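Notes for the one structure printed next.
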There are 2 protein chains.
Amino acid sequence: MPTRQDSDSFGFIVGDISRLIRAEMERRIAAAGLSVTPGEGRTLLNIARIGTVRQNVLAERMGVEAMTLSGYVDRLEQRCLVSRAVDPADRRAKLVSLTSEAEGVVEELRALGDSLRADLSRTMRSDEWDALMANLRRIREDLAGMKCKTPAVVETGE
Amino acid sequence: MPTRQDSDSFGFIVGDISRLIRAEMERRIAAAGLSVTPGEGRTLLNIARIGTVRQNVLAERMGVEAMTLSGYVDRLEQRCLVSRAVDPADRRAKLVSLTSEAEGVVEELRALGDSLRADLSRTMRSDEWDALMANLRRIREDLAGMKCKTPAVVETGE
DNA sequence: GCTGATAATAAGCACCCCTTACAAAGATGC
DNA sequence: GCATCTTTGTAAGGGGTGCTTATTATCAGC
């Protein structure tokens, strides 16, 4: 079995990668003339995938608390990238959708993400990459299960 | 080739995993009666690995700026888990070491990390895990190279 | 001795979260 | 119909993880 250092290493490596990806994406986003924070970007991409959605559902999909999501949506709404509307089926709830202005931004974010992914998988065979992704997804699922939250978290970003 | 969704997915997945690991470790750390933040924990484990070290070297190893590291060390010093001493070879520099009190904390952190790693790799064969780790390490190296920093970042946590 | 670089820290800030609390709306049971 | 509990989104407040610019003291090289 791996030495005990592996216990540090997985968490450290994933943390490092996460931080480095974030920094790299921020650089590419800035270079592309966008000014979207990572959280906002994530929110946009998730709405793009899901379509018009309630805030609470979106928060759950993204694995963050309602308050956190509300802050992201606030800032995106101010930038006219998303719009909020009361859900006619339940007046407590708000529906969030992308504006037409957001479409270009979303496309750019996707392209940047594509580019980075291509850079990172450049030296890997397709099946290797698929295995890596499958393993990471399972690990994420395991971790989400530890939290005893609903499995909706598993589907975040997919 | 993978669909464009993969570009979102890798970054998202790693980010999710990073966040979930952090949350899970915080839960386990709190349950163990420790009260160490992730950054502080990382700092302790890195010092434990490296031994007495200059702050600037430690910061570089951990992939953070000097100021960030200084803050971590401040808090750990206040908790009597690390001690600072002027480096006799260069009075600008400070050497940081673990105190004897930190030893138990470090052991606990390692045990918690071991436990989590075991939980996560439970369903994977050893060679699968090794392949995953090797791929993640290479990806981290690629990302670090994009940043055009010194390769010392590659060695962080190892 | 002078110049440029380095190490650590002060000050300030952004971002990403979270918690507690609350008001409005909805669901449920009697 | 009413009381009670739950849900949704937000106000207020705060912690952690970073970073940048600036500064001081020290060091290295010429």
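Keep in mind that this is a model prediction, so the values were computed, not measured. Chain identifiers are assigned alphabetically (A, B, ...) following the order of the sequence lines, protein sequences preceding nucleic acid strands; residue numbering begins at 1 within each chain.
Rounded to whole Å, the distance from CD on A:E65 to C1' on D:dA11 is 16 Å. Here the C1' atom of nucleotide D:dT17 and the CE atom of B:M25 are 17 Å apart, to the nearest Å. Atom CG of B:L76 is separated from atom P of D:dG16 by 12 Å (rounded to the nearest Å). Nucleotide D:dT17 holds its P atom 15 Å from the CD1 atom of B:I21, rounded to whole Å. Going from atom CE of A:M67 over to atom P of C:dA23 covers 16 Å, rounded to whole Å. In this structure, CD of B:Q55 is placed 11 Å from P of C:dA10, rounded to the nearest angstrom. For the pair A:L69 CG and C:dC18 C1', the interatomic distance rounds to 14 Å; values are reported in whole Å.
For DNA chain D, the neighbouring residues in residues 80-95 of chain A, judged by any heavy atom under 4.0 Å, are A:R84, A:R92, A:A93, A:K94.
Listed by chain and number, the residues in a side chain to side chain donor-acceptor pair (under 3.5 Å) with A:R122 amount to none (sequence neighbours excluded). In this structure A:T52 satisfies the side-chain contact (heavy atoms from CB on, under 4.5 Å) test together with A:L95, A:S97, sequence neighbours excluded. Annotation: side chain to side chain donor-acceptor pair (under 3.5 Å) contacts of B:E108 (sequence neighbours excluded): none.
Closest non-hydrogen pair, A:R42 versus A:M62, comes out as NH1-O, 3.5 Å.
Distances shorter than 4.0 Å separate some side-chain N or O of B:N56 from OP1 or OP2 on C:dA8. Within the 4.0 Å cut-off from OP1 or OP2 of C:dT9, at least one side-chain nitrogen or oxygen of B:S70 is found.
Annotation: the span from A:D114 atom CG to A:E107 atom CD amounts to 9.5 Å, rounded to 0.5 Å.
Remark: of the listed residues B:L20, B:I13, B:I17, B:I17 is the sole one forming a side-chain contact (heavy atoms from CB on, under 4.5 Å) with A:V14.
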Given pairs defined as Watson-Crick or G-U wobble with both distances under 3.5 Å, what dot-bracket annotation applies to DNA chain C, with ( ) intrastrand, [ ] crossing, | other strand and . unpaired?
-> ||||||||||||||||||||||||||||||
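Salt-bridge formation is not detected for the pair A:R137/B:D16: no Lys NZ or Arg NE/NH1/NH2 atom is positioned less than 4.0 Å from an Asp or Glu carboxylate oxygen. Salt bridge present: B:E24 and B:R27 bring a charged side-chain N and a carboxylate O closer than 4.0 Å.
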Given A:L116 and B:F10, is the side chain to side chain contact (heavy atoms under 4.5 Å, CB included) satisfied, shown in steps?
-> CA-CA 10 Å; A:L116 181 56; B:F10 181 72; over 6 Å; no
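Formation of a donor-acceptor pair under 3.5 Å by the A:R22 side chain with backbone atoms of B:G15 is not found in this model.
A heavy-atom distance below 4.5 Å is found between the side chains of A:R84 and A:Q55.
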Detail all sub-3.5 Å separations between protein N/O atoms and N/O atoms belonging to nucleotides 13-16 of chain C.
from	atom 1	to	atom 2	distance (Å)
C:dC16	OP1	A:T37	OG1	3.4
C:dC16	OP1	A:P38	N	3.2
C:dC16	OP1	A:G39	N	2.5
C:dC16	OP2	A:T37	OG1	3.2
C:dC16	OP2	A:R75	NH2	3.2

